[in-house]
Amino acid sequence: MTGSAAGADTRTKLLEGALRTLAAQGIAKTSARSVAASAGVNQALVFYHFGSVDELLAAACRYGAEQRMARHRDRLAAVTTLAELLRCGRELHEEERAGGHVAFLAQLLAGAQTQPRLAPATAAGLDLWTAEIEKVLVRILADSPLGEFTDPVGLARAVTGAFVGLEMYEGVDPAGAQRAFDALEQLAELAGVLDELGPVARRAVRHRLRRTGRA
């Protein structure tokens, strides 16, 4: 293995070690030593490759989000309705939680409140998810009566924020989070009913929404 390849391999080991350590031990116990132990390398390499533990965690946030998004991008691209989007989001939530990625995100969000250097990377990681959700919303709302009156950019951020909040809320009230997911799916089904209306009814809905908007 060449020097550059070995260096890239070590960086990847450290990034994955940081993800495991943060999810398992929390941000308070995440250190160069604990990450290096998880990665199976010397702790001095944390500082050689990243400069500081905070910089390593920031890079791990971006790396983790890119890996997860690459895994799920095709599934999101196949979504055709709001109801499908929420069902897909629910399935992804279960997978991400089982893999420890929800715990990792929760720790980063908590750490960013007191360690400002983590905030841009955490936001960038969330933006990768938001950008994919925005693409789905633009596509599925294009022919919907709601499309003319809905901001896909803002709605994508609302969806991301809702799922992040529910992921963290689920840890203290699983039953409440379950009901919240169910309620969101019910709203999506109602939106689906609008899409199934005939052209006359759809024009009536648009007219009513325009009147409401002017009011």
Side-chain angles (χ1 to χ4, degrees), residues 7-77 88-136 153-154 156-172 177:
D9 182 61
T10 299
R11 283 179 61 88
T12 299
K13 287 180 179 178
L14 286 167
L15 291 168
E16 293 177 350
L19 293 173
R20 289 191 298 270
T21 303
L22 195 59
Q25 300 185 30
I27 197 163
K29 294 183 179 180
T30 297
S31 63
R33 177 177 296 179
S34 62
V35 171
S38 178
V41 301
N42 189 296
Q43 73 179 70
L45 292 172
V46 170
F47 304 100
Y48 176 79
H49 285 285
F50 295 97
S52 70
V53 174
D54 279 357
E55 292 297 331
L56 168 57
L57 292 179
C61 177
R62 291 190 293 269
Y63 173 81
E66 288 165 358
Q67 295 294 307
R68 306 314 299 167
M69 200 63 261
R71 176 183 176 87
H72 301 309
R73 187 171 284 116
D74 288 346
R75 194 188 307 187
L76 286 168
C88 179
R90 200 165 187 170
E91 292 168 3
L92 295 184
H93 163 75
E94 294 299 327
E95 292 179 24
E96 296 297 294
R97 183 180 60 177
H101 305 291
V102 171
F104 168 72
L105 177 59
Q107 289 296 324
L108 272 179
L109 288 168
Q113 307 304 310
T114 56
Q115 300 179 54
R117 283 196 295 179
L118 293 178
T122 304
L126 288 173
D127 280 347
L128 289 175
W129 287 95
T130 303
E132 292 300 322
I133 294 170
E134 183 182 326
K135 290 178 186 176
V136 176
V153 177
R157 280 150 182 76
V159 170
T160 301
F163 271 87
V164 168
L166 284 171
E167 286 168 354
M168 300 177 73
Y169 178 58
E170 189 173 35
V172 296

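Nothing fancy with the numbering, it's 1 onward along the sequence. Computation of the quantities below employed the complete heavy-atom set of this structure, encompassing side-chain atoms and omitting hydrogens, waters and symmetry-equivalent molecules.
- Side-chain contact between Thr12 and Tyr63: present, with at least one pair of heavy atoms (C-beta onward) separated by less than 4.5 Å.
- The residues Arg75 and Glu132 are annotated as not salt-bridged, no charged nitrogen and carboxylate oxygen being separated by less than 4.0 angstrom.
- Residue Arg11 comes nearest to Phe50 through the heavy atom pair NH2-CE2, 3.5 Å, listed as atom of the first residue, atom of the second, then distance.
- A distance of 6.0 Å separates CG of Leu45 from OG1 of Thr10, quoted to the nearest 0.5 Å.
- Note that CD of Glu66 and CE of Met69 are 11.5 Å apart. Values are rounded to the nearest 0.5 Å.
- Ala60 and Leu15 make their closest contact through N-CD2, 3.5 Å (heavy atoms, listed as atom of the first residue, atom of the second, distance).
- Contact record, Lys29 with Ser34: O-OG, 3.3 Å, taken as the closest heavy-atom pair.
- Listed here is the closest heavy atom pair of Val53 and Thr30: CG1-O, 4.3 Å.
- Counting non-hydrogen atoms of other residues, nucleotides and ligands closer than 6.0 Å to CZ of Arg73 gives a total above 12.
- No side-chain donor-acceptor contact under 3.5 Å links Thr130 and Arg157.
- For the pair Gln43 and Ala32, the tightest heavy-atom approach, listed with the atom from each and the gap, is CB-O, 3.8 Å.
- Note that the CD atom of Glu16 and the CZ atom of Arg20 stand 6.0 Å from one another [nearest 0.5 Å].
- Between the Ser38 side chain and the Val35 main chain, no donor and acceptor come within less than 3.5 Å of each other.
- Between Ala65 and Leu128, the shortest heavy-atom contact is CB-CD1, 3.7 Å.
- Distance check, rounded to the nearest 0.5 Å: SG of Cys61 to CG of Leu126 gives 7.0 Å.
- If you take OG on Ser52 and CD on Glu55, they are separated by 4.5 Å, rounding to the nearest 0.5 Å.
- In this structure, the separation between CG on Leu57 and CG on Leu14 is 11.0 Å, given to the nearest 0.5 Å.
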